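As structure tokens, the structure follows; a few thoughts come after it.
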Amino acid sequence: MQLNIFQQQPHAVLPIGEHDDRVRQEFSKSFRQYIQNELLPGLTPVFEGRASRKFENENGHPPTDRHEIRKAMVPDVYFQTYASATRIAQEMLWESVIMPLQKDLPELTDKAAALSDQSNSPLETDSDFSVPRYISELDIHCMPGGYATSHAENDIAAGALYDRGVYLYSMGFMGPDNDDMGQSVCNYIKRNLPEFFPQYILDLGCTIGHSTLPYKKEFPDADVTGIDVAAPCIRYAHARAAAMGHDVGFLQRNAENTGFEDGSFDLIVSHILLHETSGKAMPKIFEECYRLLKPGGYMIHADLPPFEKMGPFMQFILDNETYYNNEPFWGAMRTMDQIQLATDAGFDPDSVRFDTAPMAVMELSAEDQAELEDREFVAGEYAPGGGWEVLIARKDP
């Protein structure tokens, strides 16, 4: 079993289970690490050594884009092994969390309600809320039940499942609090916008607040709010924040139409939200960001790079999420012109750009970094290059 230095930090509503449950969870995480570190690198020589040549012999030319690369690779037994192992690992990690969660859910639900009652920050859900079909119609990431399914009045099951499951999916490289994306963007702001101190911050599609809380830590005097369409995740996020000692508001709202007043925020962020939406939703989200920002405010969306910033083979690798992990918009989102979407929403073209925010977990103390380097990290589909791509735009002052 392969462990790494980032073990998830426990808190009052985290479902970890007993010894045997944790062993199963560690196995599922280690299986993903094996796939990333051992099987994934083998795809390149398989493609170059036989799949590409076979495709060229049959079609008269080598594969030219990610779609033709897929046609070349899918019949190959090595790729089939890689793809099936990846899907099995994904289903295995959710199952390893569901088993202890089912047993502990009543107690965790009571704890969550008590924590929320003690919090000074708002919690808002709406039983009549209309969840967008791109969230409600499938189990994204193959997570059973999806993000938004509620089975009881104060249900937190989806949020609890996501909290532990994302730690396993990321193989621990989100850090002990699963907050690497938010912390990475905060670090980016500190470096690149040193005079920017937002007072009102909105996190779109916050799920359970992993990436929301770093903004409260970085800007403790700011009013920080997370919104999401999934009520179980919002309830869990609120309780989790309280368990970790933070007053952050969590509201069930749609990023396409939030209901906040014009000019309500200095900083609007999202973290791996855009690829969970749709081609119709993305322009609306950018327009909503522009409406909600105060003059001089910033919009920052953190995700993976657009396809235009990588070669066809890496496009093919990343697009496997579309085909094998219930991510129907994963590939299509990366072909959209996000610079143009931001410009069309009203942002000055000169202010719109892509940049890279290095993963915070890769910026450790010398001692921790040395320990990390002893355990090879090949990111693969997960944060290729060791960084998050950020789309940045500023509203005219």
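All heavy atoms count here, side chains included; hydrogens, waters and symmetry mates do not. Worth saying up front: this structure is predicted, and the values here are computed from it rather than measured.
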Check whether more than 12 heavy atoms from other residues, nucleotides or ligands sit under 6.0 Å from atom NZ of Lys71, and answer yes or no.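 No, because the 6.0 Å sphere around NZ of Lys71 holds 12 heavy atoms or fewer from other groups.
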For Lys217, I'd like to know if atom NZ has over 12 heavy atoms of other residues, nucleotides or ligands within 6.0 Å.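 Yes, NZ of Lys217 has more than 12 neighbouring heavy atoms, counting only those of other groups under 6.0 Å.
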Is Arg291 salt-bridged to Glu287, cutoff N-O under 4.0 Å?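 Salt bridge: no.
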Is any NZ, NE, NH1 or NH2 atom of the basic residue among Lys284 and Glu288 found under 4.0 Å from an Asp or Glu carboxylate oxygen of the other?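 No, no charged N to carboxylate O under 4.0 Å.
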Share the residues that join Phe250 in a hydrophobic cluster, the rule being Ile, Leu, Val, Met, Phe, Trp or Tyr side chains under 4.5 Å apart at the heavy-atom level.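 Leu123, Val185, Tyr188, Ile189, Leu193, Phe196, Phe197, Ile201, Leu213, Tyr215, Phe219, Val224, Ile234, Met244, Val248, Leu267, Val269, Tyr298, Ile300, Val390, Ile392, which link up through side-chain heavy atoms under 4.5 Å apart, make up the rest of the cluster.
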Each residue besides Val77 in its hydrophobic cluster should be listed here, by chain and number; the cluster joins Ile, Leu, Val, Met, Phe, Trp and Tyr at side-chain heavy-atom distances under 4.5 Å.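 Noted: Val77 shares its cluster with no other residue.
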Please determine which of Phe79, Phe47, Phe307 meets the ring pair (Phe, Tyr, Trp, His ring centres under 6.0 Å) test together with Phe316.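 When Phe79, Phe47, Phe307 are each tested with Phe316, the ring pair (Phe, Tyr, Trp, His ring centres under 6.0 Å) holds only for Phe79.
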If you look at every heavy atom in Pro305 and Arg334, which pair is closest and at what distance?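 Looks like O-CD, 3.5 Å.
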Of all heavy-atom pairs between Pro63 and Ser52, which one has the smallest distance, and what is that distance?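 Nearest pair, atom of Pro63 first, then Ser52: CD-OG, 3.4 Å.
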[X] side, atom [atom1]; [Y] side, atom [atom2] - distance, nearest 0.5 Å:
X: Ile268; Y: Ile285; atom1: CD1; atom2: CD1; result: 11.5 Å
X: Thr207; Y: Ile272; atom1: OG1; atom2: CD1; result: 7.0 Å
X: Lys216; Y: Asp221; atom1: NZ; atom2: CG; result: 7.5 Å
X: Thr335; Y: Arg66; atom1: OG1; atom2: CZ; result: 6.0 Å

Criterion side chain to side chain donor-acceptor pair (under 3.5 Å) against Gln25, the qualifying member of Gln8, Glu95, Arg164: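 Of the listed options, the one satisfying the test is Arg164.
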Sort out for me which residue in Asp303, Thr356, Asp180 forms a side chain to side chain donor-acceptor pair (under 3.5 Å) with Trp388.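 Going through Asp303, Thr356, Asp180 one by one, the side chain to side chain donor-acceptor pair (under 3.5 Å) with Trp388 is satisfied by Asp180 alone.
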Do [X] and [Y] come within less than 4.5 Å of each other through their side chains, counting heavy atoms only?
X: Pro295; Y: Asp396; result: no
X: Leu168; Y: Arg32; result: no
X: Pro306; Y: Glu389; result: yes
X: Trp94; Y: Asp139; result: no
X: Leu101; Y: Leu108; result: yes
X: Met333; Y: Met282; result: yes
X: Ile98; Y: Pro144; result: yes
X: Phe286; Y: Leu391; result: yes

Cationic tip of Arg253 within the cone over Phe260's six-membered ring, i.e. under 6.0 Å and within 45° of the normal?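 Yes, Arg253 sits over the ring of Phe260.
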For His61, what residues pass the side chain to side chain contact (heavy atoms under 4.5 Å, CB included) criterion, not counting sequence neighbours?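 Phe55, Asn59, Thr64, Glu68.
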Does any donor atom in the side chain of Asp319 or Gln315 lie under 3.5 Å from an acceptor atom in the other side chain?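 On atom types as modelled, these side chains do not qualify, holding no pair under 3.5 Å.
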